[in-house]
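Predicted model, so just to flag it, every value in this text is computed and none were measured.
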Amino acid sequence: MGRGEQIFRGVTRWGLIGFGIGWVVAAFGLGCLYGNCPAGFLITIYPPTFALLITVAGPTAAVFAAAWLLYWAGLAWIFKWIPVVGGLLALAPWAVTNSHQMWRVWDVEAREIAKPLPPMAERTPLVLFGGEYEGRLTFNCSYTMLLMHKTQGPGGILAARLSSLKGLDFTKPVALADLPLELHSIEDAPEALLPGPDAAAEPWVIPAEDGGDAPGQALKDHSDMDDVPGEAFRIRALSAEERKAAAQEIDYVIISGCRDHSLIDRGLDLHPGLQDLPFDTRVSLAFAPLQKGAGVLNLAALDFDLLDLDWRDMAEGLIPWVSRANWARDRSPGIGYQVEAFCVAAEGGRNPAC
């Protein structure tokens, strides 16, 4: 038998063996997908399944034939390196992706700002918030907003939803009275709204004056506010006259974007401290003073007391499912400053909700 014929027979024989093994494994797996693994062999008699089975059996045949050819040629030592090469192919993109992520997060966090914050009880802040209400007094986004509602809610919070900002050009100073301002407040709940033994898990709907249902949800979880017998959270849109009066009192702004895209992004992009940031960097949280009585918001000229940036982009590796970045973790600066800013009461004591 000549050398060529020997190679041909060996490749054919082991290729057929591999094809058969691949076909059997694929048929068994196909049956398992339908809930009966042995039944997969019956499915193989239907021509529409041939293409699916061949996609597994064909590569298996090629692997068996190539393995025999390497063994016959005296190159079996290559098999020892296959796990090494496979490991490198998995490890290299994972390491590169994580290194890229960590470097980018460090670059972003180097631009963050954390200074001592003034007591919010002594200020009249405006909150520009993204996200939606879900659960107990939170925008379903940040701990800061939950803490603010708990501590400042009884006195009322001036806020504007980012999704409601329409037709305004934030690349220039914007009149605060032109914003769709809302008053968020915690008030004593009427007796009829106090939780009953069978209604503790249900949201409380607050009747509006017009007979409809006003947006809001009452406190249901009192685990960390034991001194609260029963309170309701209300949201009320301010009238034009109320917006004008509030605009003259606002002397601080808090931005909690919750990764929502909005018109304020255009103004923030012009801020000198936010230039040349990596792609997909977002302002997660920002605190900045405003001039009381000016009645304007100039995002490009804010002097941040606190700035928390968030970067979520990632360079995928060659094998995405083993290339998830997990070395770098975004950190929120100034958590202690935020707690103090919200927990100091107007008279200098401690807010009972803290």
Side-chain angles (χ1 to χ4, degrees), residues 111-113 117-118 120 123-134 138-142 144-145 148-149 152-153 156-185 214-216 234-277 279-312:
R111 308 280 288 276
E112 294 180 336
I113 300 171
L117 301 174
M120 291 298 111
R123 297 279 188 148
T124 305
L126 165 65
V127 182
L128 301 177
F129 70 93
E132 298 295 335
Y133 287 97
E134 181 175 322
T138 175
F139 296 145
N140 194 26
C141 183
S142 72
T144 298
M145 293 298 99
M148 183 175 189
H149 272 156
Q152 311 303 303
I157 301 169
L158 291 172
R161 301 169 185 262
L162 295 182
S163 59
S164 299
L165 303 178
K166 308 291 184 181
L168 298 172
D169 184 6
F170 286 93
T171 61
K172 300 180 291 186
V174 173
L176 293 173
D178 291 339
L179 302 180
L181 299 180
E182 301 172 338
L183 181 65
H184 298 188
S185 59
R234 301 179 186 273
I235 303 173
R236 181 174 65 84
L238 299 186
S239 65
E241 291 301 319
E242 289 175 322
R243 292 199 303 271
K244 291 179 182 179
Q248 298 302 308
E249 297 298 322
I250 293 173
D251 58 1
Y252 212 81
V253 64
I254 299 175
I255 301 173
S256 179
C258 198
R259 295 191 62 80
D260 281 5
H261 292 277
S262 69
L263 293 179
I264 70 169
D265 295 338
R266 300 176 184 177
L268 292 173
D269 287 342
L270 299 177
H271 194 283
L274 300 174
Q275 301 293 315
D276 304 321
L277 284 167
F279 174 74
D280 201 26
T281 302
R282 309 281 299 163
V283 174
S284 176
L285 185 66
F287 286 63
L290 298 177
Q291 182 179 352
K292 185 174 182 178
V296 296
L297 173 64
N298 187 358
L299 294 173
L302 293 178
D303 182 15
F304 296 114
D305 287 337
L306 185 144
L307 178 64
D308 183 10
L309 301 174
D310 186 21
W311 181 76
R312 296 289 180 88

### Task
Would you name the heavy atoms of Gly257 and Leu162 that are closest together and state the gap between them?
CA-CD1, 3.8 Å
### Task
Sequence neighbours left out, what passes side-chain hydrogen bond (donor to acceptor under 3.5 Å, both in side chains) with Asp169? Give chain and number order.
Thr171
### Task
May I ask you to test the Phe170-Asn298 pair for a side-chain heavy-atom distance under 4.5 Å?
no
### Task
Could I get the full list of side chain to side chain contact (heavy atoms under 4.5 Å, CB included) partners for Val253, not counting sequence neighbours?
Leu128, Ile255, Ala288, Leu290, Leu297, Leu302
### Message
List the residues meeting salt bridge (Lys or Arg N to Asp or Glu O under 4.0 Å) with Arg236, not counting sequence neighbours, and say none if there are none.
### Response
Glu242
### Message
Tell me if a side-chain donor or acceptor on Asp305 pairs with a main-chain N or O of Phe287 at a distance below 3.5 Å.
### Response
no
### Message
Using the side-chain hydrogen bond (donor to acceptor under 3.5 Å, both in side chains) criterion, which residues pair with Asp265? Sequence neighbours excluded.
### Response
Arg282
### Task
Indicate yes or no for a side-chain donor-acceptor contact from Glu249 to the backbone of Lys292 under 3.5 Å, with no hydrogens or angles considered.
no
### Note, Leu183 side chain near Ile157 side chain (heavy atom, < 4.5 Å)
no
### Query
Do Thr124 and Leu158 come within less than 4.5 Å of each other through their side chains, counting heavy atoms only?
yes
### Message
Just to verify, what does Leu277 make a side chain to side chain contact (heavy atoms under 4.5 Å, CB included) with, not counting sequence neighbours?
### Response
Arg111, Leu274, Thr281, Leu309
### Summary
Those residues at least two apart in sequence (or on a different chain) that pass side-chain hydrogen bond (donor to acceptor under 3.5 Å, both in side chains) with Ser164 are none
#### Entry: Under the ring-ring contact (aromatic ring centres under 6.0 Å, His included) test, residues paired with Phe304 that sit two or more places apart
His271
#### Entry: Close side-chain approach of Met145 to Ile254, heavy-atom, < 4.5 Å
yes
### Message
Are Ile264 and Leu168 packed together at the side-chain level, in the sense that at least one heavy-atom pair is separated by less than 4.5 angstrom?
### Response
no
### pair Ile250-Pro125: side-chain heavy atoms closer than 4.5 Å
no
### Message
Measuring from atom OG of Ser262 to atom NZ of Lys166, what distance do you get when rounded to the nearest 0.5 angstrom?
### Response
9.5 Å
#### Entry: For Gln291, side chain to side chain contact (heavy atoms under 4.5 Å, CB included) partners two or more places apart
Ala294
### Message
Can a donor-acceptor pair be found, under 3.5 Å and without considering hydrogens, that links the side chain of Arg123 to the backbone of Tyr252?
### Response
no
### Query
Looking only at heavy atoms, what is the nearest atom pair of Ala300 and Pro272, with distance?
O-CD, 3.4 Å
## Note on the structure
Closest heavy-atom pair, Met148 versus Val127, reported as atoms and distance to 0.1 Å, is CE-CG2, 3.3 Å
### Task
Return the set of residues passing side-chain hydrogen bond (donor to acceptor under 3.5 Å, both in side chains) with Asp178 (not counting sequence neighbours), or none when no residue passes.
none
### Query
For the atom pair CG (Asp308) and OG (Ser284), what is the distance rounded to the nearest 0.5 Å?
4.5 Å
### Query
Measuring from Ser163:OG to Phe129:CZ, what's the distance to the nearest 0.5 Å?
7.0 Å
### Query
Mind checking whether Val174 and Leu299 have side chains closer than 4.5 Å, heavy atoms only?
no
### Task
Show the numbers, then the answer: is there a side chain to side chain contact (heavy atoms under 4.5 Å, CB included) between Leu176 and Leu126?
CA-CA 9 Å; Leu176 293 173; Leu126 165 65; 3.8 Å; yes
### Query
How close do Ala159 and His184 get, heavy atom to heavy atom, and via which atoms?
CB-CE1, 3.7 Å
